[in-house]
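Model, not experiment: these values are computed from the prediction. Along the sequence shown, the residues carry numbers beginning at 1.
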Amino acid sequence: MILPWRKPRAIKKSKKQIPFDELDMELTIPTHFRCPISLDLMKDPVTLSTGITYDRESIERWIESGNETCPVTKQVLPSFDQIPNHILRRMIQDWCVENRSRGVERIPTPRIPVSPYEISDVCSKIVGATRRGDGKKCGELVMKIKNWGKESERNKRCVVENGMGCVLSACFESFASNSLEKHGNLLGEILSVLSWMFPLGEEGLSKLGSAISLDFIVWLLKNGDLSARQNSVLVLKELLYSNYSHLIMKKLLEIEGIDEALVYLIKDPISPTATKASLMAIYSIISSSVSNDKISSRFLELGLVGLILEIVFDAEKSVCEKALTVLDALCNTEQGKEEASKNALIMPIIVKKILRVSDSATELLLSIFWKLCKNERKNGEEALMIEAIQVGAFQKLLVILQVGCGENTKEKVKELLKLLNVYKNRVDCVDSSMDFKYLKRPF
C-alpha cells in the first residue's frame with residue numbers, strides 16, 4: 001500500500017514574549033543582572049553607598065519598610081542616596097536585545113525619579129508666581145507636577161512628602177479670589193493634582209477649606225467639565241472627612257446649590273469613583289451635627305431615594321454599600337422613612353439584595369427594613385409588611401438567623417420576624433425561590 005506524500009508544514013516561530021519571571025525555563029539570567037532582593041532581572045539598577053546594586057523598586061520598598069541597613073552587607077547605611085548604574089543597565093539592555101529571538105523583551109530606559117531638591121525648587125517658584133499673580137507661570141509648574149505624578153507612584157509620594165499640597169492649596173485660594181473666567185483652567189488643573197495629595201497638613205486644609213476655595217469647588221461641581229467635576233467631588237470628600245470637617249461643613253452649607261450638584265453627580269454619573277465620593281459627601285452632610293432636617297429634606301425633594309435604589313439594584317459592591325449607608329441615614333428622619341415607604345421598589349430591592357452583596361450591605365439593608373416596618377407599625381399601617389412577606393422576606397430572615405450575624409442585627413431580625421408573623425397567615429402567595437441556598441447547616 002502506497003501512502004500519498006505530503007510536504008511537512010513549516011514550524012512557525014512563536015513571537016510571544018516571555019515574562020522575566022519565567023525566563024529560567026528558557027535560558028539562564030546572569031547572576032549580576034539579578035536584584036539581590038527580588039532575584040528578578042533588574043529594570044532600573046541603582047547603587048547604594050555600600051557599593052551593592054539593587055533594582056530601584058525593590059530597594060525603595062526595603063527602605064520604606066523601615067530598614068536602615070544594606071540587605072547584602074548588613075551595614076548601616078550612612079545615606080539612602082541611590083545612584084543610577086547606567087553601565088549595568090546598558091549591559092542588561094544589550095543582553096535583552098541579544099536574546100530577543102528567545103522571547104526576551106528589552107527593558108526601557110527608566111526615567112530618573114524626581115528628587116526632593118527639584119520639588120523644593122518648584123514649590124519656591126509657585127510661591128513667587130502666586131505672589132505676582134502670574135497664572136501662566138503657575139500653570140506651567142502645575143503641569144510639571146502633574147507629569148511627575150503620571151510617571152510613577154514613587155514620584156507622587158515624594159511630591160506629597162515634601163509639602164507640595166500646602167503650597168498648591170495656598171495657590172488655589174489666592175487665584176480663586178480673582179476672576180473665575182481668567183483663572184478657571186488653572187484652578188481646575190490644581191484640583192486635579194490636589195486630588196491625590198491628601199491628607200493635607202493643617203495649613204493646607206485651612207487654605208483649601210476656606211470660604212473662597214469652597215465656593216469655587218462647588219462652582220466647578222456645577223459648571224465644570226467631566227474631569228473638573230470628578231476632581232472637585234474627590235477633593236470635597238477628602239475635606240469633609242478631614243480633622244477640620246466641622247469648620248468646613250459650616251462654610252459649605254452656606255453655599256447655595258451644593259445639594260443639587262452632589263445629587264446630579266449621582267443622577268448623571270461620571271465614574272464609580274465620582275459616584276462613591278458624592279455619596280460619601282452626602283452622607284457626611286446629612287449625618288453631621290452641624291446640619292439639620294432641612295438639609296435631609298432638600299436631598300429627599302431632589303429624588304435621592306429613587307436614585308439610591310437604582311444604584312443598589314445594579315451597582316458594584318463598594319458603590320452599593322455607600323448608597324445603602326446614605327439611605328440608612330435618611331431613614332433616621334420621619335420624612336426619609338415616608339419617602340422610602342412610598343417608593344414601589346423599596347421592599348422588593350431590600351429583600352432581593354439581603355445576603356447577595358456583602359455582610360456590611362446586609363446589615364444596612366436589615367437596618368433600613370427594621371426602621372420602615374417599625375414606622376409603619378407605629379402609623380397603624382400594614383401594606384409594606386405584607387408586601388415584604390410576599391417577596392420572600394420571612395424566609396430570608398430565618399436564613400440570616402441560621403448563617404449567623406451580630407447581636408445587634410440578630411435582635412433586629414427577631415423583632416422583624418415577630419412583626420411579620422402577624423401577617424404571615426394572611427398572605428396567599430409566598431416567594432419560594434430562595435431554596436435556602438445560603439444555609440450553612442440544615443434546620
Side-chain angles (χ1 to χ4, degrees), residues 211 214-215 217-224 226 229-230 232-233 236-237 239-241 245-246 248-270 272 274-315 319-350 353 364-365 367-376 378-379 381 383-384 387:
L214 289 173
D215 194 51
I217 291 172
V218 174
W219 184 87
L220 271 182
L221 270 177
K222 294 189 288 186
N223 304 294
L226 295 180
R229 286 165 56 207
Q230 173 162 303
S232 298
V233 76
L236 185 61
K237 182 258 294 184
L239 290 172
L240 291 175
Y241 284 84
S245 59
H246 187 76
I248 292 170
M249 185 69 71
K250 284 183 177 179
K251 300 171 188 173
L252 185 65
L253 293 179
E254 294 174 1
I255 301 174
E256 186 179 352
I258 178 61
D259 45 7
E260 293 177 3
L262 290 172
V263 171
Y264 188 72
L265 275 175
I266 297 172
K267 188 176 182 178
D268 186 19
I270 299 171
T275 301
K276 280 192 288 186
S278 184
L279 288 167
M280 290 176 71
I282 291 172
Y283 175 75
S284 179
I285 291 172
I286 62 179
S287 62
S288 171
S289 59
V290 179
S291 63
N292 50 46
D293 287 349
K294 289 183 180 178
I295 302 296
S296 297
S297 176
R298 181 62 181 145
F299 280 114
L300 291 168
E301 289 169 4
L302 291 168
L304 186 56
V305 170
L307 294 172
I308 287 175
L309 290 176
E310 289 178 17
I311 292 173
V312 173
F313 183 73
D314 61 359
V319 179
C320 184
E321 288 174 346
K322 300 292 186 299
L324 288 171
T325 303
V326 174
L327 184 57
D328 186 49
L330 288 172
C331 286
N332 288 329
T333 66
E334 292 301 319
Q335 188 180 353
K337 286 180 275 199
E338 184 181 341
E339 288 294 323
S341 299
K342 286 193 298 186
N343 193 295
L345 294 175
I346 186 71
M347 200 50 67
I349 288 179
I350 285 179
K353 290 297 180 178
L364 288 166
L365 286 161
S367 176
I368 297 165
F369 190 7
W370 178 77
K371 289 173 184 176
L372 296 179
C373 288
K374 290 281 286 184
N375 183 64
E376 189 173 52
K378 184 182 74 173
N379 295 333
E381 299 171 353
L384 206 61
E387 184 185 9

Check whether any side-chain heavy atom of [X] lies under 4.5 Å from a side-chain heavy atom of [Y], and answer yes or no.
X      : Y      : answer
Pro348 : Glu387 : yes
Leu372 : Ile350 : yes
Asn343 : Ile349 : no
Ser284 : Met249 : yes

I need the [X] [atom1] to [Y] [atom2] distance, nearest 0.5 Å.
X      : Y      : atom1 : atom2 : answer
Leu345 : Phe313 : CG    : CZ    : 8.5 Å
Leu327 : Lys322 : CG    : NZ    : 15.0 Å
Leu253 : Lys294 : CG    : NZ    : 12.5 Å
Leu221 : Ser232 : CG    : OG    : 5.0 Å
Gln230 : Ile270 : CD    : CD1   : 6.0 Å
Leu236 : Ile217 : CG    : CD1   : 6.5 Å

Would you find a donor on one side and an acceptor on the other, under 3.5 Å apart, between the side chain of [X] and the backbone of [Y]?
X      : Y      : answer
Glu376 : Ala383 : yes
Asp328 : Leu324 : no
Thr325 : Glu321 : yes
Asn379 : Glu381 : no
Ser278 : Ala274 : no
Ser245 : Tyr241 : no
Ser288 : Ile285 : no

Non-neighbouring partners of Lys276 that pass salt bridge (Lys or Arg N to Asp or Glu O under 4.0 Å), sequence neighbours left out: none
Sidechain N-carboxylate O distance under 4.0 Å for Glu334, Lys378: yes
Modelled atom types, side-chain donor and acceptor of Lys371 and Asn332, under 3.5 Å: yes
Crowding at NZ, Lys250 (>12 non-hydrogen neighbours, <6.0 Å): no
Over 12 foreign heavy atoms within 6.0 Å of NZ, Lys267: no
Under 3.5 Å donor-acceptor pairs involving side-chain atoms of residues 257-265, not counting sequence neighbours:
from   : atom 1 : to     : atom 2 : distance (Å)
Asp259 : OD2    : Arg298 : NE     : 3.2
Glu260 : OE2    : Arg298 : NH2    : 2.6
Tyr264 : OH     : Asp268 : OD2    : 3.3

What is the minimum heavy-atom distance between [X] and [Y], and which atoms define it?
X      : Y      : answer
Leu252 : Leu214 : N-CD1, 4.2 Å
Ala323 : Leu279 : N-CD1, 3.8 Å
Ile286 : Ala329 : CD1-CB, 3.7 Å

Residue that, paired with Ile282, satisfies side chain to side chain contact (heavy atoms under 4.5 Å, CB included) out of Ile308, Val326, Leu240: Val326
Test salt bridge (Lys or Arg N to Asp or Glu O under 4.0 Å) applied to Glu254 and Lys251, step by step: CA-CA 5 Å; Glu254 294 174 1; Lys251 300 171 188 173; over 6 Å; no
Verdict with supporting geometry, Leu384 and Ile346, side-chain contact (heavy atoms from CB on, under 4.5 Å): CA-CA 9 Å; Leu384 206 61; Ile346 186 71; 4.2 Å; yes
